[in-house]
K.L.:
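The structure follows.
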Protein chains: 2
Amino acid sequence: MGDDTSLTLSDDEVDRIFRALADATRRDIVRRTLTEEITVSALAAAYEMSFAAVQKHVSVLESAGLVHKNRHGRERLVRGNPDTLRKAQLLLDQYEELWRRRIDRLDALLAGDPAGGPPADPAAPA
Amino acid sequence: MGDDTSLTLSDDEVDRIFRALADATRRDIVRRTLTEEITVSALAAAYEMSFAAVQKHVSVLESAGLVHKNRHGRERLVRGNPDTLRKAQLLLDQYEELWRRRIDRLDALLAGDPAGGPPADPAAPA
DNA sequence: TTAACGTACAACCATCCGGTTGTATATCTG
DNA sequence: CAGATATACAACCGGATGGTTGTACGTTAA
């Protein structure tokens, strides 16, 4: 679990990534920790909720692989993980590509290009 | 709500988009409906759950703007919406860019470029 | 006009989620 | 050592989620 090097994502992993991103506080934590390492306390101070609540958010992000915690004495430095973010990007790219290919097929069809599949309309110009 | 033309997304909208994507069945529905319009019944037949359950999934996708329902007689044709997908992509791109800029700053710092901010190490070569 | 079909929607239920408070543990500081 | 700080973690609670079944309604087909 949490293998950063794997390119194939299980449904569960993808679930966790998108679920983790589906919360404004957590997205903000990702944003901050992508540009600087911050302790959990420092993060907690930034939000109108308890330390424990922020701790949970960080935990959700961590088990999604979006964030990594580094021990530094008694504190934990939270750092965003661009790799996982990139995986999510790739996912969305694939959907986009899927849609684009459909449009290409339609275009080919309209252009009478046989490579786009046999036209269903026999009335099309030869 | 659900304004496809707006380029700025509220936290709530983003929440709904990622939340909607955080489920394998819903992602599959998006995948299918991006390349072809399908009725809710046809979709329901593809999954091991009740019609009502699939109906709910479609509803979640619809209120996230990821899918659109077109009435066609007594059936509803579900079609994926690439625009909303693109918005999510843009979001992730911004995070990625944030991280990239941080790296650029670090690079500039290491290169002794004063535009990257004043080097903290006075031992750096002049 | 019935009957079948496709959909909508309400009610219900178990589980999950996001928050809280409280307690325990490790580390730093005086 | 004692005390303060940073974190971890469990228990609890209300509301959201994801599933179910049942009922109602508009549309198509016989």
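Just so we're on the same page: letters track the sequence lines, and every chain starts at 1.
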K.L.:
What do the steps show when you test H57(A) against R26(A) for side-chain hydrogen bond (donor to acceptor under 3.5 Å, both in side chains), and what is the final call?
P.N.:
CA-CA 6 Å; H57(A) 281 308; R26(A) 288 197 290 259; 3.2 Å; yes
K.L.:
What is the distance, to the nearest angstrom, from the CZ atom on F18(B) to the C1' atom on dA16(D)?
P.N.:
20 Å
K.L.:
Taking C-beta and beyond as the side chain, do L66(A) and T33(A) meet within less than 4.5 Å on heavy atoms?
P.N.:
no
K.L.:
Going by an N to O cut-off under 4.0 Å, is there a salt bridge joining R101(B) and E97(B)?
P.N.:
yes
K.L.:
Begin from the C-alpha positions of H68(A) and N70(A) and carry the test side-chain hydrogen bond (donor to acceptor under 3.5 Å, both in side chains) through to its verdict.
P.N.:
CA-CA 7 Å; H68(A) 189 262; N70(A) 299 314; 2.8 Å; yes
K.L.:
Do the side chains of R100(B) and I103(B) get nearer than 4.5 Å, heavy atoms only?
P.N.:
no
K.L.:
List the atom of N81(A), the atom of G65(A), and the distance in Å for their closest heavy-atom pair.
P.N.:
ND2-O, 3.1 Å
K.L.:
Looking only at non-hydrogen atoms, find the nearest pair between R27(A) and L21(A) and report the distance.
P.N.:
NH1-O, 2.7 Å
K.L.:
What is the per-nucleotide protein-contact pattern of nucleotides 16-23 of chain C, from the 5' end, where B denotes a base atom under 4.0 Å from a protein heavy atom, S denotes such proximity for sugar-phosphate atoms only, and - denotes neither?
P.N.:
-SSBBB--
K.L.:
Tell me, which of residues 29-38 of chain A have any heavy atom that sits under 4.0 Å from an atom in DNA chain D?
P.N.:
none
K.L.:
Tell me which residues in residues 66-76 of chain A lie within less than 4.0 Å of DNA chain D, going by non-hydrogen atoms.
P.N.:
K69(A), R74(A), E75(A), R76(A)
K.L.:
K87(A) and D83(A): salt bridge (Lys or Arg N to Asp or Glu O under 4.0 Å), yes or no, with the steps?
P.N.:
CA-CA 6 Å; K87(A) 289 185 194 170; D83(A) 288 343; over 6 Å; no
K.L.:
For L85(B) and W99(A), run side chain to side chain contact (heavy atoms under 4.5 Å, CB included): C-alpha distance rounded to whole Å, both residues' side-chain angles, the deciding distance at 0.1 Å, then the answer.
P.N.:
CA-CA 10 Å; L85(B) 231 23; W99(A) 175 79; over 6 Å; no
K.L.:
Find out whether V60(B) and R19(B) are in side-chain contact, i.e. whether some heavy atom of one side chain is under 4.5 Å from a heavy atom of the other.
P.N.:
no
